[in-house]
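What follows is a short report on a single structure.
Note: hydrogens, waters and symmetry copies are ignored here, and every other heavy atom, side chains too, is used.
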Amino acid sequence: MLLEGRSIALIEDDPIMGESLWQALRLEGARVKWWRDGSEARRGLAANCPDIVICDIRLPDGSGADLYCEISSRQAVPPFLFMTAYGTIDEAVGLLRAGASDYITKPFDMENLLDRVNALAPACAATPGAGTMGASPAMRQVEALLLRVADLPSAVLLCGPTGSGKEVAAAFLHSASVRADQPFVAVNCAALPADLMESEIFGHERGAFTGAHASHKGYAERAGSGILFLDEIGEMPLALQAKLLRLVEVRSFTRVGGERPLRFDARLVCASNSDLAEAVVTGAFRPDLYHRINTIEVRIPPLAERREDIEGLLRHFFEAFNEHYQSRLRGFTSTALEMAHEHDWPGNVRELRNRVERAVALAAGEWIMPADLFPDGSANAQGASGEQFLTLAEVRARAERRQIERALAATAGNATDAAELLGVSRTTLWEKMKRLAISSSD
């Protein structure tokens, strides 16, 4: 099928036109979300990252042009294909100048539309590695942005709390780029002693200081044409920030005790769990360096904001540690999974990884129980927000809700297809959705 595996957002208020497009795109294998006005589209695009957006220029609560300009001003946007009447062609041309991908004039032939959609699809939907950062809408947006900027030379700043996966994001950026066959050199600035940091990053010449018995290549030199990843950049002393600024601006540096400038060919990626903008205000971080490394800022959300990723991460680490420890464990009990979903994960992915490793190493039975994951009782008697211990009925209801929501997400909100995935009738699914207050685009 022409659009197999593509995810498409359709923004169209006309029920007849919308139904026709929705069916045609689905017949070509696409997963389609249909939003009927600008407000619904804003909410949808904030929570989803489709491969392509097909948008009518005239919407009941505004214009597609205003919607595009508003969204593109605050986040990376997928390709937009606008549908326009003859009288709004000038507006459509203006949108192309603003970054939109294409427009098509009504009335149009369906095959022409499908051909245009297919022409826009490969660059975003067929990218290798798509879907590897996480299943949540938040991480799909992060992944889409990283893929979009993967081959640019610009500096990238990854922001997010400790343990959220900033180094994983940097490694993903490296693997998705044309630099994938070049070195990926990661440096934790917080782990380097201040008096050795300059020598470790920029290297030193023989005799540069006491104990320098031989010349030493620093991380900047070892990165070659790959990526130099400076984690916890906010911990770098101000004096060294000045030398890093020169590296960014003139793309060269000198070893400690050296005189000959060396060319810097790597791409600089930095990360911080602190607010660098606030550090600039307090004088702890150079404003000129902040603006140079902040060319492209990517926020990595905490695990509590992307709970859809929890189960996938649990199973990923379980498989890795189960093999490492040569255990014979079969997996997690449903109650353990429920407790994991209720936990706040203040230590983010790092905490989850450590809890799984401990559980696999010390679990007594064939299945990982809640006490194996939470021996400290942090998710035992209470949930993430102080909730009382859940009854079995509440556990079943929450598990059922999540599975229905997964099925609806996998079928672009189509209840008929979701019911088939879940092995129940459409009527049964509608009854459960009504009872659990779950909405559908169907």
So, the side chain of [X] versus the backbone of [Y]: is there a donor-acceptor pair under 3.5 Å, distance only?
| X | Y | answer |
| --- | --- | --- |
| Arg58 | Ser63 | no |
| Lys166 | Glu232 | no |
| Glu357 | Leu352 | no |
| Asp344 | Pro346 | no |
| Asp61 | Asp37 | no |

With sequence neighbours excluded, tell me which residues meet side chain to side chain donor-acceptor pair (under 3.5 Å) with Ser272.
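By the side chain to side chain donor-acceptor pair (under 3.5 Å) rule, Ser272 matches Ser274.
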Contact between [X] and [Y] at the side-chain level, heavy atoms closer than 4.5 Å - yes or no?
| X | Y | value |
| --- | --- | --- |
| Ser164 | Pro302 | no |
| Met339 | Phe332 | no |
| Cys189 | Leu240 | no |
| Asn188 | Leu230 | no |
| Ile296 | Ser154 | yes |
| Leu313 | Val356 | no |
| Leu362 | Asp372 | no |
| Leu21 | Met83 | yes |

Is it true that [X] and [Y] make a salt bridge, defined as a side-chain N closer than 4.0 Å to a carboxylate O?
| X | Y | value |
| --- | --- | --- |
| Arg355 | Asp376 | yes |
| Glu221 | Arg255 | yes |
| Arg36 | Glu12 | no |

Please list, one pair per line, the donor and acceptor atoms closer than 3.5 Å that link side chains of residues 92-104 to other protein atoms, with sequence neighbours excluded.
residue	atom	partner	partner atom	Å
Asp102	OD1	Arg116	NH1	3.4

Is the Trp345 ring parallel, tilted or perpendicular to the Phe374 ring (thresholds 30°, 60°)?
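Rings of Trp345 and Phe374: tilted, 30 to 60°.
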For [X] against [Y], the heavy-atom pair lying closest together:
| X | Y | value |
| --- | --- | --- |
| Ala41 | Ile11 | CB-CD1, 3.6 Å |
| Ala138 | Pro301 | CB-CG, 3.9 Å |
| His204 | Ser199 | ND1-OG, 2.7 Å |
| Leu67 | Cys55 | CD2-SG, 4.3 Å |
| Glu205 | Gly258 | CG-CA, 3.5 Å |
| Leu158 | Ala169 | CD1-CB, 4.2 Å |

I'd like to know whether Glu143 forms a side chain to side chain contact (heavy atoms under 4.5 Å, CB included) with Leu173, so could you lay out the CA-CA distance, the side-chain angles of the two residues, the decisive distance to 0.1 Å, and finally the verdict.
CA-CA 9 Å; Glu143 180 174 327; Leu173 180 68; over 6 Å; no
Mark yes or no: Lys243 above the aromatic ring of Phe202, with NZ or CZ under 6.0 Å from the six-membered ring centre and no more than 45 degrees from the axis.
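Geometry flag: set, cation within 6.0 Å and 45°.
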Would you kindly check if the NZ (Lys) or CZ (Arg) of Arg222 is within the cone defined by 45 degrees around the ring axis of Tyr219 and under 6.0 Å from the six-membered ring centre?
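Yes, cation above the ring, under 6.0 Å and within 45°.
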Quick one, Met236 with Met197, criterion side chain to side chain contact (heavy atoms under 4.5 Å, CB included). Give me CA distance, side-chain angles, the key distance, then yes/no.
CA-CA 8 Å; Met236 181 174 285; Met197 192 178 295; 4.0 Å; yes
Rounded to the nearest 0.5 Å, how far apart are [atom1] of [X] and [atom2] of [Y]?
| X | Y | atom1 | atom2 | answer |
| --- | --- | --- | --- | --- |
| Trp35 | Asp56 | CH2 | CG | 15.0 Å |
| Asp265 | Arg251 | CG | CZ | 7.0 Å |
| Cys270 | Leu276 | SG | CG | 8.5 Å |
| Arg42 | Ile71 | CZ | CD1 | 7.0 Å |
| Ile300 | Asn348 | CD1 | CG | 11.0 Å |
| Leu81 | Ile52 | CG | CD1 | 8.0 Å |

Any ring-ring contact (aromatic ring centres under 6.0 Å, His included) involving residues 173-201? Give me the pairs, sequence neighbours left out, ordered by first then second residue.
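Applying ring-ring contact (aromatic ring centres under 6.0 Å, His included) to every pair that reaches into residues 173-201, excluding sequence neighbours, yields His174-Phe184.
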Counting heavy atoms not belonging to Arg246, are there more than 12 under 6.0 Å from its CZ?
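Not buried by this count: 12 neighbours or fewer within 6.0 Å.
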Over 12 non-hydrogen atoms of neighbours within 6.0 angstrom of CZ in Arg299:
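More than 12 within 6.0 Å, yes.
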For a quick check under 3.5 Å, do Ser177 and Asp151 share a side-chain donor-acceptor pair by atom type?
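No, no side-chain donor-acceptor contact under 3.5 Å.
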Side-chain H-bond candidate by donor/acceptor type, His343 with Glu351, under 3.5 Å
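Looking only at side-chain atoms, Glu351 and His343 do form a donor-acceptor pair, the distance falling under 3.5 Å.
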Output, in order, the C-alpha distance, side-chain angles, deciding distance and verdict of side chain to side chain contact (heavy atoms under 4.5 Å, CB included) for Met369 and Thr335.
CA-CA 7 Å; Met369 305 293 288; Thr335 312; over 6 Å; no
Would you sort out whether Arg179 and Ile227 count as a side chain to side chain contact (heavy atoms under 4.5 Å, CB included), showing the intermediate values?
CA-CA 8 Å; Arg179 302 173 187 261; Ile227 282 181; 4.2 Å; yes
